[in-house]
Amino acid sequence: MTTLFYLLALVAVISTLFCITERHPVHAVVYLVTSFFSLAVIFYLLRAPLVAVFEVIIYAGAIMVLFLFSIMMSRPEVTEVELHPGIRDWWPALLLGGVFLGAVGTLIISGPLLSPETANTGDIRAFSRLLFRKYGLAVEIVSLQLLFALVGALYLGRRRQ
Amino acid sequence: MIVPLEQVLILAAVIFVMGLACLLVRRGNLIMMLVGIEIMLNAAILAFVGGSAAWGKMDGQVFALFIIAMTSAEVSLALAMVVYLHRRRKTVNSDDFSGMKG
Amino acid sequence: MSVVKDIAAVSQGMWATWKHLFRKPLTIPYPEQKRTPPPRYRARIVLTRDPQGGERCVACYLCSAACPVDCISMQAGERENGRRYAEWFRINFSRCIFCGLCAEACPTMAIQMTPDYELCSRDIMSLLYEKEDLLIDGCGKEPEYNFYRHAGIGVVNPRGGNPDEQPPVDVRGLVP
Amino acid sequence: MPDLIDILIIIAKLGTILVVILSLAANLVLAERRMLAWIQDRQGPNRVGPQGLLQPLADLIKLVTKEDLRPAGADKWLFLLAPAMAAIPAMLTFAVVPFGSPVHLLGRVITLQVVDLNVGVLFFMALSSIAVYGITLGGWASNSKYALLGGIRGLAQLISYELVMGLSLVPVVMLTHSFSLNEIVAAQATVPFLLYQPLAFLLFFISLLAECKRTPFDIPEAESELVAGFHTEYSGLRFGLFFVGEYLNIIVLGGVAATFFLGGWHGPFLPPLVWFCAKVLAFCFVFIWTRGTLPRLRSDQLMHLCWKVLTPVALGNILCTGWWLTIKP
């Protein structure tokens, strides 16, 4: 199991790396889907089967498909600026990334976070009880947000005279 | 817990930084910027799920689910806007959208 | 209620195809089972003979002229008694479209169409039918008809001697 | 921890399912051609072997020996991968479908199901949502406008009907209180859900037709407009993979529909495995029958049907089911 985790982590990191360096968006999306699959299996290993399945259904099955759809519909041409990002484009990313990695590093070397605990978190009934009882209001807010997104997308996509 | 929480967090951090780099470097293509955001959100989900597994509580998974729902709303709007902008200006380079009077 | 109408329409269609599922097929497996074509079917062309056994063809070129794909060719010849005949007669069946215009054009009923529709070959040259291949020992669809016994230039009987033939007009007799 | 024999049993089950489903898919092609011929008062393929039974073999030989073309300007790797992406999710779906009651063999209880996931329904949904990639990427990678149009149409159709499919499964889950397919089958031991939820079954069946890209929803591969849609540029074995993937999908989704609504392997008198196969074959028959009957919808009619008719009806059905479950003693 642990070996499988490391293997999947490797796959996720490598495919994400390919994704962000790929010049063509369609290839980038395919690499990203690979990364999402390995992440989904990692979630399953971390005893979160529901999140794993929703990662595949919504991320790989809906969001990335939407990306593909808009890439195919708009056919963006690859620009010269995009092909060769100069050092000016890289330094903010390097700076922020360094700061972030440093923060995580200090967090980790400052001591063991906690002792590993074993509890079954894969129970779907308990999960749904928690979701709809304790976080019921949040569910409503998220559904409202989805409704707004629907209306907004309809407004943007409507035909203009 | 199959691996210590630290290793999950390191994986999440590495993926997050890659997403950040994608967002900041590839400004020539709005779609790639959105891809970067997706990568970062996934790293956040990974951190939440890892924490949920480590503490044995499900709240982390609930939040992961909320992030997924929120992302789908965000992506549908953002992509609708990208397609709309591309239809108007025939470009997806973010630096080209600098005038206020479109 | 359009929904009810739609559902009724769909189920009507489903019922129709269900019935056809158990119906005997209309098609037949061809090489094993052959359909008998009607006697006037337009397929392979033949050259017929008159009841007395002579060739009917007088090499008038009308079939060749009528043919839309130019698959008929011939060479006319003339015997000592003035009887015209085809020295050679050739039909290229790889071009023939079986339209029947030649048979319609023929004034002597020589060229006729038969119900033999199985004309195919791997060797295209074998579809080139010469006069020997085309000529049959029979009268075809008009067993009584003999051109030279009804009209003509005095090959069988002297001119005007045929049963339903009037004697030739004496042009000089019309002079007032 | 599973020991060696358990792993061997799982491998044996996987192998059996793979062989059975693949051969069934190949023969389904023949069955479809013959039945369409009968519907149209024709004979159908009856040359190769007795009653044409060896036709699948002849088709296989023909496809294998054909030239494998790749259009100029095609995206090499995606073009090669897309047929596999279309066929593999269909096969994976069968991993969660229970196809018989547990068998006692050599002192062991062998469940006739590869793996019993507690999120089986969602697993099925996840795999059917991945099936989009095969046709979309295949259509995009071909570098042909027909293929691209077919891919885009297929994408829009599949993600729209995915929603209806999920919504029509919600009442089943509400009645069972479980996502596990095994428990769904167990809950239908006496009465299949078809009798409780005829509307949900109808919605599920319509969305299955759309998910399989079958007539009347075959606009991604509409021959009369798009030549052949997303697989215009494919030939030889790769086309065969797309083709077999479609029929695999029919069989697997038939099995899933039988599990969700027809009581799975439950049935009187006959052994469970026979019942399951009979239900799956009945679904295949209805699929072919529908193809022989209904004409193709237009693209806008398809979207109209999905978003303005089926989705509201599915939501109303969920609402009614919930209301009924709360007032039920």
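Throughout, a chain's letter reflects where its sequence line sits, starting with A, and its residues are numbered from 1.
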From CA spacing to verdict: side-chain hydrogen bond (donor to acceptor under 3.5 Å, both in side chains), Gln197(D), Asn317(D): CA-CA 9 Å; Gln197(D) 291 287 343; Asn317(D) 192 29; 3.2 Å; yes
Top contributor to chain D interface from Val65(A), Val56(A), Leu66(A) [non-hydrogen pairs under 4.5 Å]: Val65(A)
Is it the case that the ring center of Phe123(D) lies less than 6.0 angstrom away from the ring center of Phe179(D)? no
Using the benzene-type ring in the case of Trp, are the ring centres of His24(A) and Trp140(D) under 6.0 Å apart? yes
Looking at Ala60(A), Ala52(A), Ala40(A), which makes the most heavy-atom pairs under 4.5 Å with chain D? Ala60(A)
Can you say whether Phe36(A) sits under 4.5 Å from chain D via the side chain, the backbone, both, or neither, judging by heavy atoms? neither
Sort out for me which of Leu127(D), Ile159(D), Leu155(D) touches chain A most, counting heavy-atom pairs under 4.5 Å. Leu155(D)
Contact part of Leu122(D) toward chain A, heavy-atom cut-off under 4.5 Å: side chain, backbone, both or neither? both
Of Leu315(D), Ile318(D), Leu175(D), Val121(D), which meets side chain to side chain contact (heavy atoms under 4.5 Å, CB included) against Val170(D)? Ile318(D)
Quick one, Phe217(D) and Leu305(D) - any side-chain contact, counting heavy atoms below 4.5 Å? yes
Pick from Glu55(A), His27(A), Met64(A), Arg125(A) with the largest number of heavy-atom pairs that fall under 4.5 Å of chain D: His27(A)
Report yes if some heavy atom in the side chain of Leu68(A) is under 4.5 Å from a heavy atom in the side chain of Leu137(D); otherwise report no. yes
Heavy-atom contact with chain A under 4.5 Å, split by part of Ile152(D): both
